[in-house]
2 protein chains.
Amino acid sequence: MKQTYSISELAKEFGVTTRTIRFYEEKGYLAPRREGTRRIYRQADRTQLRLILRGKRLGLSLDDTAEMIQMYGSPQGNRKQLEIFVSRIEEKRAELERKRRDLEVMLNDLQSVEEKCHMVLAEIR
Amino acid sequence: MKQTYSISELAKEFGVTTRTIRFYEEKGYLAPRREGTRRIYRQADRTQLRLILRGKRLGLSLDDTAEMIQMYGSPQGNRKQLEIFVSRIEEKRAELERKRRDLEVMLNDLQSVEEKCHMVLAEIR
DNA sequence: CATTACGTTTACGTTAACGTAAAGTTGCCG
DNA sequence: CGGCAACTTTACGTTAACGTAAACGTAATG
């Protein structure tokens, strides 16, 4: 289990370009250490990148994803702030739940199409 | 149950702008009838729009979504073609399954954060 | 008949998320 | 020491998915 990674190692591992990784840093979503001018990524950076890419796959904007990642920290603030926070979490959850329903429907549709195909194929023979 | 809709009715119903709907038509993903110059949308168009927006919510590109919608038709072609078709379906399914796993994880994470919040809130009182 | 509401086409503008190219630095290998 | 491989910064380019504005048509309403 490696401790640190170069930018191209990370790029390779996650199937993105180095430009993409630098772009995320440029936007403030990654902050690797430096060794001279070289970027050094640690486990935490790697995790951060994984979370960003996960959000991306789900069609979230970088900003939205970053907001979600923020939420993963331990909850702080007074009662009022916490309640606001909870309601923001609820919003995100509602959005994700909707995506999940959409996903279920699409998967069902695909499956039934595939079954149809198999039936037609079985008949051809 | 209405038979036809104007563009702004559809826009309102789905929470998009008329520009968006015209854009989809411009790209060939919608083809409403005309009454003079006015666009008239029927149930099939409405369904088509719903499917497009569903794909969008899941972060699919318009092209990808259109490809999926295409698949919903009844399967055609000879054996070879059908087998290729099935494997394309499988690819889509794999992609969607991955999204689903991503979603599950994010939802779990959000839930546990929310629980933490409630615990902190309970302690504050 | 003027205004208001809704529709149309045409066309240029905008934003997010990178791609791509140029030009330079660093470290190691033969 | 020459050269390649991997890294760097800077900066302009690109694409999808619309936004926005102008300029016009039509039809119902006060």
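Values below: all heavy atoms of this structure, side chains included; hydrogens, waters and symmetry mates excluded.
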Undergrad: Measure from the side-chain heavy atoms of R34(A) and tell me the nearest of dA17(D), dT9(D), dG7(C).
TA: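 Ranking dA17(D), dT9(D), dG7(C) by closest atom to the R34(A) side chain puts dT9(D) first.
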Undergrad: What's the NZ-P distance between K12(B) and dG7(C), to the nearest Å?
TA: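 Interatomic distance, NZ of K12(B) to P of dG7(C): 11 Å.
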Undergrad: Would you say dC6(C) has OP1 or OP2 under 4.0 Å from some side-chain N or O of S6(B)?
TA: no
Undergrad: Assess whether a salt bridge exists between R46(B) and E13(B), defined as any Lys/Arg side-chain N lying under 4.0 Å from an Asp/Glu carboxylate O.
TA: yes
Undergrad: Output the rounded distance in Å from CD (E25(A)) to P (dA17(C)).
TA: 17 Å
Undergrad: With sugar-phosphate meaning primed atoms plus P, OP1 and OP2, does R39(B) contact a base, only sugar-phosphate, or nothing at under 4.0 Å between heavy atoms?
TA: sugar-phosphate
Undergrad: Starting at atom NZ of K56(B), determine the distance to atom C1' of dA16(D), rounded to an integer number of angstrom.
TA: 11 Å
Undergrad: Nearest-Å distance, CG (L62(B)) to P (dC18(D))?
TA: 6 Å
Undergrad: Counting distance alone, no hydrogens or angles: does the base of dT20(C) have a donor or acceptor under 3.5 Å from a partner atom on the side chain of R19(A)?
TA: yes
Undergrad: Is the phosphate of dC7(D), meaning OP1 or OP2, less than 4.0 Å from a side-chain N or O of S8(A)?
TA: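 For S8(A), the contact criterion (side-chain N or O under 4.0 Å from OP1 or OP2 of dC7(D)) is met.
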Undergrad: Would you call R100(B) and E97(B) a salt bridge, using N to O less than 4.0 angstrom?
TA: yes
Undergrad: Identify whether NZ of Lys or CZ of Arg in K2(B) sits under 6.0 Å from the centre of the six-membered ring of Y5(B) and within 45° of that ring's axis.
TA: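 Yes - K2(B) lies over the ring of Y5(B), closer than 6.0 Å to its centre and within 45° of its axis.
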Undergrad: Between dG19(C), dA17(C), dC7(D), which one does the side chain of T17(A) approach most closely?
TA: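 The nucleotide sitting nearest to the side chain is dG19(C).
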Undergrad: Is a side-chain N or O of K99(A) found less than 3.5 angstrom from the main chain of L58(A), in a donor-acceptor match?
TA: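 Between the backbone of L58(A) and the side chain of K99(A) there is a qualifying donor-acceptor contact (under 3.5 Å).
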Undergrad: Nearest-Å distance, CG (L10(B)) to P (dC6(C))?
TA: 15 Å
Undergrad: Would you mind telling me which residue lines up with the more 5' stretch of DNA chain D, I40(A) or Y24(B), judged by nearest nucleotide?
TA: I40(A)
Undergrad: Go through the steps for R19(B) and I7(B) under the test side-chain contact (heavy atoms from CB on, under 4.5 Å), then give the verdict.
TA: CA-CA 9 Å; R19(B) 175 69 176 99; I7(B) 191 167; over 6 Å; no
Undergrad: Report the residue (T20(A) or T18(B)) whose heavy-atom-nearest nucleotide on DNA chain C is the more 5′ of the two.
TA: T18(B)
Undergrad: From the options dC7(D), dA17(D), dC18(C), select the nucleotide whose nearest atom is closest to the side chain of F23(A).
TA: dC18(C)
Undergrad: What is the separation between atom CZ on R22(B) and atom C1' on dC18(D), rounded to the nearest whole Å?
TA: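 Going from CZ in R22(B) over to C1' in dC18(D) covers 13 Å.
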Undergrad: Nearest whole angstrom, please: distance from the P of dA6(D) to the OH of Y41(A).
TA: 16 Å
Undergrad: Just how far, in rounded Å, is P of dT9(C) from CD1 of I21(B)?
TA: 14 Å
